[in-house]
Amino acid sequence: MNKAHGFVMYGAEFSLYSGKLRSYLRKKGVEFTEIQPWLLTYKRFIVPRTGVRYIPVLQTPEDDVWQDTTVIIDHMEKRFPQPSVYPSTAKRRLAALILELFGDEWLLLPAMHYRWNYPEENQPFIYREFGQLLFPRIPAFMQRRLGKKLGDRFRDVVPRLGISRATIPALESWYEDLLGELNQHFRSHDFLLGAYPTIADFGFIGPFYAHLYRDPTPGKRMRESAPRVAAWVERMMSPQAVSDTPPVEAADEIPPTLMPVLRRFATEQLPVLADTARIVDEYAEGIGTDEVPRFIGMHRVKIAGVPAERLVLPYSLWMFQRPLDFWRSLEGEDRFRCTQLLEEIDAAGLFDIKCQHRLKRENNRLYLETSHPPASANSHLAKKPKAPP
Ligand SMILES: N[C@@H](CCC(=O)N[C@@H](CS)C(=O)NCC(=O)O)C(=O)O
């Protein structure tokens, strides 16, 4: 048990990335308190200390305040290295990094679709949750009204992710096939890469908990058609930590039942990442400023094989740099084995994407790596610790 008192997580049950962090802290056995941020917590603490309006946020006992689950997990891994969530062998580690990216950034599609496109069952539930979180002290009917106002901001993003009348049938059958593959996988394995959770599981649990398990419509479907996936969600969210003893890693092998899921990354997400890299490069060469915006226009992509228009998301590219950097750092036998893996999942051609302009994350914002954030970039962060309300 990683006993260090005083970690505080600001997060919500219905928030995708909060589920990822909560699961990580529990599996690592980190003791923490969770605070549900309401309106004033955002105003007085989250925004001044992080400069952005995202959850989850983790506050350390030393009063460092971190946002972004990937960054938080990497800080925590340095502090609590055992048992590591990063496999020590090359092929498994590459697969884990790819699957974190796939879970975080691509499984957002079914998550957002099922939450927002089944209004009768889901929306009263989710509007109430938004309202209760942000305005806990007002009457229920007002909570629902204000919760709707906030929820609709998320709902309005759905079509801009490429989820439309044209893509929905293919997206649903794609997701059902994925559920089937995972259900089959969890017949023989407790977690994605085998006997213990890795960063791959934490990438997947975000969309799979808050939206696909917990929201009424997709939750019912999952429990009925893929009960082993539902059982994995419950394992991932249970308070029980994994053992302190570092797991002895098996040979550097990927469970065969996981290969279809890795192929989905290669055929679906990878071409979108390649096009994002091209657009970020154009942006950097053109009028681009040092800070890279959250969205750079729209691009034509395919979703579940169907053409769609979608927002260009530079953050996904920042996440993609992780497996890419790891892959580029490899030599000899490790490089050979990972090349084989990429070939087996049909990713070899595209994986070595040219990212002429790398992205870096500073003060919770994205910048072109060749540039320096302006001196004023820190000025949006409060220096003095403030007590959360
Ligand atoms: N990639 C970030 C994303 C955080 C994020 O997008 N959080 C959502 C809730 S799950 C949020 O706060 N969104 C507010 C918004 O988009 O304005 C992470 O891993 O923490």
Side-chain angles (χ1 to χ4, degrees), residues 8-25 34-39 41-43 45-47 49-59 64-77 85 97 99-116 126-127 129-130 132-134 147 149-158 160-161 199-215 237 269 273 276 292-295 311 313-322 359-366 380:
V8 182
M9 168 179 157
Y10 296 80
E13 279 286 309
F14 62 77
S15 135
L16 188 149
Y17 298 97
S18 298
K20 178 182 175 191
L21 182 58
R22 191 183 305 112
S23 169
Y24 169 80
L25 295 173
E34 184 166 341
I35 290 184
Q36 306 240 336
W38 69 297
L39 204 62
T41 323
Y42 274 92
K43 200 167 164 211
F45 179 72
I46 293 183
V47 176
R49 294 300 301 279
T50 66
V52 288
R53 235 167 234 292
Y54 298 132
I55 51 170
V57 164
L58 190 74
Q59 185 177 28
D64 289 322
V65 176
W66 300 321
Q67 203 290 308
D68 192 278
T69 51
T70 297
V71 172
I72 296 172
I73 289 175
D74 283 357
H75 280 307
M76 295 299 275
E77 285 295 288
V85 299
L97 288 167
L99 291 173
E100 184 200 14
L101 162 69
F102 185 64
D104 262 35
E105 297 291 298
W106 199 251
L107 296 183
L108 188 66
L109 288 170
M112 291 292 274
H113 162 61
Y114 284 105
R115 169 164 291 181
W116 295 110
I126 204 69
Y127 288 148
E129 297 235 318
F130 273 102
Q132 279 171 348
L133 179 82
L134 288 177
K149 231 174 151 179
L150 179 74
D152 286 350
R153 277 186 30 219
F154 287 87
R155 193 199 58 192
D156 293 348
V157 177
V158 173
R160 296 163 78 211
L161 293 175
I199 193 72
D201 296 272
F202 298 112
F204 271 48
I205 195 62
F208 270 109
Y209 174 64
H211 295 57
L212 297 167
Y213 173 90
R214 201 172 166 272
D215 286 355
M237 297 312 294
Q269 189 182 16
L273 292 167
T276 307
V292 178
R294 190 172 180 189
F295 313 122
L311 285 166
L313 303 171
Y315 177 87
S316 301
L317 197 61
W318 177 78
M319 283 289 291
F320 179 57
Q321 289 175 179
R322 289 160 50 82
L359 298 176
K360 64 181 172 188
R361 222 179 149 275
E362 274 177 27
N363 309 316
N364 301 315
R365 289 161 198 260
L366 283 181
H380 62 283

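Order of listing sets the numbers, starting from 1, for every ligand and every atom in it.
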- Query: Between Arg322 and Asp74, does at least one N-O distance fall below 4.0 Å, as a salt bridge requires?
  - Reply: yes
- Message: With no hydrogens and no angle check, just 3.5 Å: does a side-chain donor-acceptor pair link Gln67 and Tyr17?
- Response: no
- Query: So, the side chain of Ser18 versus the backbone of Ala12: is there a donor-acceptor pair under 3.5 Å, distance only?
  - Reply: yes
- Query: Does NZ or CZ of Arg160 fall inside the cone over Phe295's six-membered ring, less than 6.0 Å from its centre and within 45° of the axis?
  - Reply: yes
- Item | Minimum heavy-atom distance between Ala111 and Pro207, given as atom pair plus value | CB-CB, 3.9 Å
Do any nitrogen or oxygen atoms of ligand 1 lie under 3.5 Å from a protein nitrogen or oxygen, and which ones?
unit_1   : atom_1 : unit_2 : atom_2 : d
ligand 1 : 1 (N)  : Asp68  : OD2    : 3.3
ligand 1 : 1 (N)  : Tyr315 : OH     : 3.1
ligand 1 : 7 (N)  : Ile55  : O      : 2.7
ligand 1 : 12 (O) : Ile55  : N      : 3.0
ligand 1 : 16 (O) : Arg294 : NH1    : 3.4
ligand 1 : 16 (O) : Arg294 : NH2    : 2.9
ligand 1 : 19 (O) : Thr69  : N      : 3.1
ligand 1 : 19 (O) : Thr69  : OG1    : 2.5
ligand 1 : 20 (O) : Gln67  : NE2    : 3.0
ligand 1 : 20 (O) : Thr69  : N      : 3.0

- Which pair of non-hydrogen atoms, one from Tyr54 and one from Ile46, has the smallest distance, and what is that distance? O-CG2, 3.9 Å
